[in-house]
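Down below is the structure, laid out as structure tokens.
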Amino acid sequence: MCGIAGIVAHQNVNQELYDALTVLQHRGQDAAGIVTCEKGRLHLRKGNGLTRDVFSHSQMMRLRGNMGIAHVRYPTAGCTSSAEAQPFYVNSPFGLTLAHNGNLTNTEALKKALFIQDQRHLNTDSDSEILLNIFAHELQSLGKLRITAKDVFKAVEGVHRRCRGAYAVVVMISGFGILGFRDPHGIRPIVFGERQTKDGSDFMIASESVALDILDFKLTRDIEPGEAIFIENTGELHTQQCSDIVDHCPCIFEYVYFARPDSIIDDISVYKARLRMGEKLADKILREWKDHDIDVVIPIPETSRTSALEMAKKLQVKFREGFIKNRYIGRTFIMPGQKMRKKSVRQKLNAINLEFEGKNVLLVDDSIVRGTTSGQIIQMARDAGAKKVYFASAAPPVRYPNVYGIDMPAVKELIAHNRNEQEIGEVIGADRMIYQDLPDLIEAVQRGNPNIKHFDTSCFSQDYITGDIDEAYLERIEALRNDEAQGNRNAENFSIEMQNST
């Protein structure tokens, strides 16, 4: 999962791209990058770390130009090498830079075709570099010295024909404009908006609408599945559908966990969807556990707070904040490597003992992936004096890997793998375990936009919507994503970067 942004304006865009990345920081904490274009010349700064750590004042001053793109990175395969920080750049044709959110599922075939047929070199293991080179080849194959928006859209058509998986993309063509496009399933989110100024219209593309809000851009709409929009550096906007086959299946996990609650994705309020998740979960408790003895509902900060609040209201029990979060520790789920996740939990949360002492507590989280964090938090509640600790998940059991841009681990590392709800509760130490039912989750999200007929629910249902995922593919990503493999890669990258710095 990553965050992307692009702006075409009538003034320098460096500060606004920086501000957009800080708002999208929840989508990736591993690396950040900005590239701007000034009179045909590109200015690039990227590196590992949070946005605030990557860009100094002097570096920001060098990022001049009235258009640019930006990226915050979350490493899907756990690799934390600075070589894979985005945006990526190729000089031919015209000078292209690209930032990508998602994950391609046919990377091996694309790598082979790029080398043998397109005769292009890849310098990293990132599928985003593959995507950039595919687009570059499709644009170059048109054989034009000067291109039009129609030519750009024709290149996107070629990308859709060749690439499989999830991709929300911004591309800057040096001296010409900025392109945004989305895969034909619309799995990952991407929106665009406009801002009126005394000099004319400015345009912005971003992963989430909240990035537009803070910069006073008015949300126009989501980029549709298979659609591309192109904004010339003069401020002229072009849009075109670039795929013959479209099947809108947005990732439901965006609404569960990843997106900010103040974002609107595919015309669905994330905040309202999470309220409905809490309502549905409370209905399940009232239906299956009518004589419950819950004294208080306590959210596990931050994402689950909205659902927990609605649950408490529906159950007619107290809602209390029982954990205080250290805001200087990153989001645990997207930290690379299990050891770092384990270490961060106690640093991240501290219990308010008065809210636990002698009470039967229902803890609410957005989801449970490995379960390690959940077990530690339940133990914290018991240490704080809770009499009984129940645990509720606003999402169904995560039983299968996500292959579309979320670094859910190898299937054997998922706590719900080959376990029922009672067994999961026993493993994490809960007195009772309550999971959301998948139909209820879908209804909670879909109610915001009934025009969306289905969602990507693959991590819950094993229904991979691109139709190209088999056991061999899952075995390959398991080899990449298990904790041992991630630890070895990170150690190797650290060693290489230390050598390069000496």
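Treat the numbers as computed from the prediction; the structure is a model and nothing was measured.
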Should I205 and I231 be marked as a side-chain contact (heavy atoms from CB on, under 4.5 Å) after you check the CA-CA gap, both sets of side-chain angles, and the distance that decides it? CA-CA 10 Å; I205 303 168; I231 308 154; 4.0 Å; yes

Quick one, E254 with R188, criterion salt bridge (charged side-chain N to carboxylate O under 4.0 Å, His left out). Give me CA distance, side-chain angles, the key distance, then yes/no. CA-CA 8 Å; E254 289 280 354; R188 302 263 73 88; 3.3 Å; yes

side-chain hydrogen bond (donor to acceptor under 3.5 Å, both in side chains) between D247 and H454, intermediate numbers included: CA-CA 9 Å; D247 181 21; H454 49 281; 2.7 Å; yes

Apply side-chain contact (heavy atoms from CB on, under 4.5 Å) to R52 and Q25, showing your working. CA-CA 10 Å; R52 68 186 181 211; Q25 191 75 80; over 6 Å; no

In sequence, state the C-alpha distance, the side-chain angles, and the governing distance for E302 and H26, and then conclude on side-chain hydrogen bond (donor to acceptor under 3.5 Å, both in side chains). CA-CA 11 Å; E302 301 272 348; H26 62 286; over 6 Å; no

Decide side-chain contact (heavy atoms from CB on, under 4.5 Å) for Q241 and E227; before the verdict, give the C-alpha distance in whole Å, the side-chain angles of both, and the deciding distance to 0.1 Å. CA-CA 4 Å; Q241 177 55 249; E227 184 186 26; 4.1 Å; yes

Check the pair F135 / L179 against side-chain contact (heavy atoms from CB on, under 4.5 Å), numbers first and verdict last. CA-CA 11 Å; F135 175 77; L179 165 72; 3.6 Å; yes

Could you please spell out the steps behind the salt bridge (charged side-chain N to carboxylate O under 4.0 Å, His left out) verdict for E108 and K112? CA-CA 6 Å; E108 295 305 315; K112 186 175 181 179; over 6 Å; no

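No donor-acceptor distance shorter than 3.5 angstrom exists from the side chain of Q436 to the backbone of A395, with no hydrogens or angles considered. Looking only at distances, a side-chain donor or acceptor of K46 sits under 3.5 Å from a matching main-chain atom of A85. Remark: side-chain polar atoms of N449 are not paired, donor with acceptor, to backbone N or O of D267 under 3.5 angstrom. For the pair T107 (side chain) and D127 (backbone), a donor-acceptor distance under 3.5 Å is absent. Side chain of N103 to backbone of G405: no donor-acceptor contact under 3.5 angstrom is found.
The two atoms that bring V297 and A308 nearest to each other are CG1-O, 3.6 Å, heavy atoms only. When all heavy atoms of D266 and D222 are compared, the closest pair comes out as N-OD2, 2.9 Å. A259 approaches V270 most closely through the heavy-atom pair CB-CG2, 3.9 Å. The two residues I368 and S374 make their nearest non-hydrogen contact at CG2-OG, 3.6 Å. What you find for I34 and A70 is that their closest heavy atoms are CG1-CB, 3.8 Å. The two residues L441 and P396 make their nearest non-hydrogen contact at CD2-CD, 3.4 Å.
With a 4.5 Å cut-off on side-chain heavy atoms, Y464 and T105 do not count as touching. Looking at L414 and V369, their side chains come closer than 4.5 Å, going by heavy atoms from C-beta outward. Within the 4.5 Å cutoff, the side chain of V427 has heavy atoms near those of the I415 side chain. Taking the side chain as every heavy atom from C-beta outward, T239 and R221 approach each other to under 4.5 Å. At a threshold of 4.5 Å between non-hydrogen side-chain atoms, the residues N420 and P397 do not count as touching. Side-chain contact between I300 and F391 is present, with heavy atoms from C-beta onward closer than 4.5 Å. Counting heavy atoms from C-beta on, the side chains of L122 and L114 come closer than 4.5 Å. Side chains of E138 and H160 form no contact here, defined as non-hydrogen atoms less than 4.5 Å apart.
Between F181 and Y167, the ring-plane angle classifies as perpendicular under the 30° and 60° cut-offs. Between F230 and F153, the ring-plane angle classifies as perpendicular under the 30° and 60° cut-offs.
Using a cutoff of 4.0 Å between basic side-chain nitrogens and carboxylate oxygens, E129 and K111 are not scored as salt-bridged. Between K284 and D437, at least one side-chain nitrogen of the basic residue sits less than 4.0 Å from a carboxylate oxygen of the acidic one, meeting the salt-bridge criterion. Between E310 and R274, none of the side-chain N atoms (NZ, or NE/NH1/NH2) sits under 4.0 Å from a carboxylate O, so this pair counts as no salt bridge. One finds a salt bridge joining D283 and K314 here, because a Lys/Arg side-chain nitrogen approaches an Asp/Glu carboxylate oxygen to under 4.0 Å. One finds no salt bridge joining R260 and E208 here, because no Lys/Arg side-chain nitrogen approaches an Asp/Glu carboxylate oxygen to under 4.0 Å.
In summary, of the residues considered (F253, Y404, F258), a side chain to side chain contact (heavy atoms under 4.5 Å, CB included) with M1 occurs for F258 alone. When each of E84, Q29, H100, Q86 is checked for a side chain to side chain donor-acceptor pair (under 3.5 Å) with R73, only E84 meets the rule.
The CG atom of N402 sits 5.0 Å away from atom OG of S458, with the distance rounded to the nearest 0.5 Å. Between atom CE of residue M277 and atom OG of residue S393 there is a gap of 10.5 Å, rounded to the nearest 0.5 Å. Distance check, rounded to the nearest 0.5 Å: CZ of R27 to OH of Y74 gives 10.5 Å. From I69, atom CD1 reaches atom CD1 of I4 across 8.5 Å, with rounding to the nearest 0.5 Å. Taken from CD1 in I465 to NE2 in H185, the straight-line distance is 5.5 Å, to the nearest 0.5 Å. Annotation: the span from I434 atom CD1 to M311 atom CE amounts to 6.5 Å, rounded to 0.5 Å.
In Y473, the OH atom is crowded: over 12 heavy atoms of neighbouring residues, nucleotides or ligands sit closer than 6.0 Å. Other residues, nucleotides and ligands contribute at most 12 non-hydrogen atoms within 6.0 Å of the CG atom of D244.
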